[in-house]
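Take a look at the structure below.
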Amino acid sequence: MKLFLKIITFIIISIAVSFLGCFMYYQVVTADVYPDESKLETINPVCLIYDADGHIVTNSKSTSFEHEENIPDKLKYAFIAIEDKRFYSHNGIDPKAILRAVKNNVKNGGIKEGASTITQQLVKNVYLSGEKTLNRKLKEIKLASIIEKKYTKDEILELYLNKIYFGEGAYGIKKAAEIYFGKECKNLTLEECATLAAIVKAPTFYDPFIHPDTCLDRRNLVLKEMLKQKEISETEYSAAKRKPITLTEKIRDDTKNFTDEIIAEALKIIKSDSASDLSGYKIYCGISSDYQSVIPAPTLPDEVKDYSVLITENISGQIVGYRSTTGMIKRVPASAAKPWLVYAPAIEENLISEATKILDEKTDFGGYSPSNANKTYAGYVNVKDALSKSLNIPTVKIANALGMDKIKNYAEKLEIEFTNNDLSVALGNLTGGVTLSELSSAYSPFTCDGQYKRSQFISKIISPSGKTIYDRDNEKVPTQVFSPGTCYIINDILRETARNGTAKKLASLPFAVYAKTGTNGTSSGNSDAYCIAYTQDYTVSVWLGNSDGSYMPNNVNGGGEPTNIAGEILKRLYNDKKPNSFIPPDDVAMVTIDKNAYDERHEQIIATNPKVNDPKFWYIKGSEPTIYSEDKITPTIKSSKITYNNGIIYVNIVADDNVFYELRDNNESVVATGNGVSELQVNGLKNGKTYTYTLTPYILNDKIKVFGQKIKLPSIKIDGNKKSEWWND
């Protein structure tokens, strides 16, 4: 019993000491913490964003506070229901919410759920950084307690609603009501109040302009929580839930909304979904006024409301220019996916070369029967023409032979995900779609010797304490997706696309451009139009469409206005200079193919005696044709003479200028080479030894040696300084 009492006493004392220690630590950490009330009356951006020129950029569009008398009760209840159910009963800290969060975090094995009250969120937005540290949390608790004593609950709620970020540059409820619904706060309907309450958790992710379905789901969750809290009736809930989200027409501000994209990107980096967690951070991006100025504001047809343009610096993957009316919405990439989704993987797997002939004809693939864009078919076409002219049937045939597993494997290396497994994937029908930055990123291997580099706004993030928590320059080694040879061959094809294919509007540019277009639509109209155009330095990505998915006219396609926009940007980028062309890597070889055999029998046979109209194709080394054309001309040596004098063997040869030859010894080692009429010499001979050589003529066909008949020369025995001479004609 005495032992038991001692244990109990020890436990009680330990708890008391621990509690006292915690209390003293709390007092020390929060000793100088008091709220500056003037900060509650000003509107500041969530974090500081710096462009590449070192200037602070902001997306704030707020002008003034919305006073409590103009904030409808249903708006207050919407926020309380989803953000802080016991707002009116706690004193700034909610113990029940803390216990629930601790339980769920332990269960999930990490900090995945917070327990901040509305008062704490107000404090964090106004006074503290978003860093998740114990000291910051203790300061937050003290400030929340002080705020609760100095202000009424309705005053706190008013301040909170005026300080939080709603996305689209809207800080505060007044501007949010105007931007999203075009009305004053006091006139908001129940479903509109619930929508605004839904947005604040992750303003970019729940932006109804960009992600209407995602926002609708969360809005209905807010309504359901309001019903549970008995703030609305079952009738009100049912009526509001049935209504769609009806937004005002978005005011086009296509020069500054990159700040929303930067905030969304930063939240991914710090692994958070709350914009308030970025409070106090400094974020540096690659956007520069020099690049912004080269992006034209396009004049669009009445049926086309939206566009997005990206300029990416290839060597770093940094987005340096951006204009958009929609933000990074996900859309079906259509034929703009073909080069990296089908053709490059098939070349990498040695399934095709750019010379491979494929029959372009109406084909049924087990119930899937795609058509070419113009409903016409070209018969046998080579891969180079199939991609540069964006023919659908050959693409699907290649994808069918390649297999969906390999297609998805390469897509995953490019950070592209989709769930459908049907052959429509080959034509860019990817479930969920891709953003324009993801599409731009997928082209990065073609400009970086096969390495994947993600297109990204942010270059660096500095925490409120001054620590660099992210630096793009220190990222891991890029993923090698394709070989340099595969990428060079794709570039050769996409160069042809810009010359004579679907992006031929770029042909007038006075330098090499590589491009691919894409159009998604039906006979009723087109919903997406793309052009991805690049040089060795930059990738320019353009999308036209409507964010609501409504159709544009069929004459709005990737080869039209998107290509014009890309061309104008490239023209401005290279106003006083020209880009370098891509250099052939060591793993490719160009081969001239016999035109007659290629056209008549679809055979890839080396043209031994090349003619002007014989086609030339690039091959991955080791996959070149090995058969020569029937009109093969055997390289011959007209005459040869071998002599010896004063320790040197001389070989005099007469042949045509285009005939080369190798002089080899008994070990088949090449000891001398030449061409046409020349004299070869062999030194370093040993007295008394007999030397025997062979002479093999050859001609060059695009760096490939075509050998003639080997000639064995008479043997020569070295005997002092005697002269010897033999002829061999």
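Because only heavy atoms are used, hydrogens play no part in the values below, and waters and symmetry mates are left out as well, while side chains stay in.
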For this session: Identify, with sequence neighbours excluded, every residue that meets salt bridge (charged side-chain N to carboxylate O under 4.0 Å, His left out) alongside K330.
Result: E438
Seminar exercise, completed: To the nearest 0.5 Å, atom CG of L161 lies from atom CD of E68 at 10.0 Å
Exercise. Just by distance, with hydrogens left out, do S437 and S455 show a side-chain donor and acceptor under 3.5 Å apart?
Worked result: no
Exercise. Does atom OH of Y551 have more than 12 heavy-atom neighbours from other groups under 6.0 Å away?
Worked result: yes
Problem set entry | Step-by-step side chain to side chain contact (heavy atoms under 4.5 Å, CB included) determination, L75 to C185 | CA-CA 9 Å; L75 181 62; C185 185; 3.6 Å; yes
Exercise. Taking the six-membered ring for Trp, are F457 and F258 ring centroids under 6.0 Å apart?
Worked result: no
Exercise. More than 12 non-hydrogen atoms from neighbouring residues, nucleotides or ligands closer than 6.0 Å to CD on E303, yes or no?
Worked result: yes
Exercise. So, the side chain of N162 versus the backbone of E66: is there a donor-acceptor pair under 3.5 Å, distance only?
Worked result: yes
For this session: Assess whether atom NZ of K186 is packed by more than 12 heavy atoms of other residues, nucleotides or ligands within 6.0 Å.
Result: no
For this session: Mind running side chain to side chain contact (heavy atoms under 4.5 Å, CB included) on V434 and I416 for me, showing each step along the way?
Result: CA-CA 7 Å; V434 298; I416 301 293; 3.9 Å; yes
For this session: Give, for atom OG of S547 and atom CG of D306, the distance between the pair rounded to the nearest 0.5 Å.
Result: 4.0 Å
Problem set entry | Ring geometry between Y171 and Y165 (parallel below 30°, tilted from 30 to 60°, perpendicular above 60°) | tilted
Exercise. Would you say H90 and D84 make side-chain contact, with heavy atoms under 4.5 Å?
Worked result: yes
Show me the donor-acceptor pairs, under 3.5 Å and distance only, between side chains in residues 223-230 and residues at least two apart or in other chains.
| from | atom 1 | to | atom 2 | distance (Å) |
| --- | --- | --- | --- | --- |
| E225 | OE1 | K85 | NZ | 3.3 |

Problem set entry | Separation between CD1 of I462 and NZ of K282, rounded to the nearest 0.5 Å | 8.0 Å
Seminar exercise, completed: Tightest non-hydrogen contact, residues A442 and L414, listed as O-CD2, 4.0 Å
Exercise. Out of curiosity, L278 CG to I270 CD1, how far, rounded to the nearest 0.5 Å?
Worked result: 4.0 Å
Exercise. Would you say the side-chain atoms of K153 pair up with the backbone N or O of F87, donor to acceptor, closer than 3.5 Å?
Worked result: yes
Exercise. Between the side chains of N220 and Y237, is a donor N or O closer than 3.5 angstrom to an acceptor N or O?
Worked result: no
For this session: Using the side chain to side chain donor-acceptor pair (under 3.5 Å) rule, take E192 and T189 through it: C-alpha gap first, then chi angles, then the decisive distance, then the call.
Result: CA-CA 5 Å; E192 289 168 346; T189 64; 3.3 Å; yes
For this session: Grab the two heavy atoms, one from P333 and one from G428, that are nearest each other, plus how far apart they are.
Result: CD-O, 3.2 Å
For this session: Measure the CD1-OG1 distance between I199 and T214 for me, rounded to the nearest 0.5 Å.
Result: 12.0 Å
For this session: Output yes when a side-chain donor or acceptor of N420 lies under 3.5 Å from a complementary backbone atom of T431, and no otherwise.
Result: yes
Exercise. Could you state the interatomic distance from NZ (K163) to CD1 (I173), rounded to the nearest 0.5 Å?
Worked result: 15.0 Å
Exercise. What residues form a side chain to side chain donor-acceptor pair (under 3.5 Å) with D51, not counting sequence neighbours?
Worked result: none
Exercise. Could E415 and R454 be called an ion pair, given the rule that one side-chain N must be under 4.0 Å from one carboxylate O?
Worked result: yes
For this session: Report the relative orientation of the aromatic rings in Y50 and Y284; use parallel for angles under 30°, tilted for 30 to 60°, perpendicular for over 60°.
Result: parallel
Exercise. In this structure, are over 12 heavy atoms from other groups packed under 6.0 Å from D53 atom CG?
Worked result: yes
Exercise. Any donor-acceptor pair under 3.5 Å linking the side chain of D207 with the backbone of H211?
Worked result: no
Exercise. What do you reckon, are the aromatic ring centroids of F209 and Y180 less than 6.0 Å apart?
Worked result: yes
Exercise. Is the NZ or CZ atom of K201 positioned over Y206's six-membered ring, under 6.0 angstrom from the centre and within 45° of the axis?
Worked result: no
For this session: Please determine, by modelled atom types, if Q456 and Q318 share a side-chain donor-acceptor pair under 3.5 angstrom.
Result: no
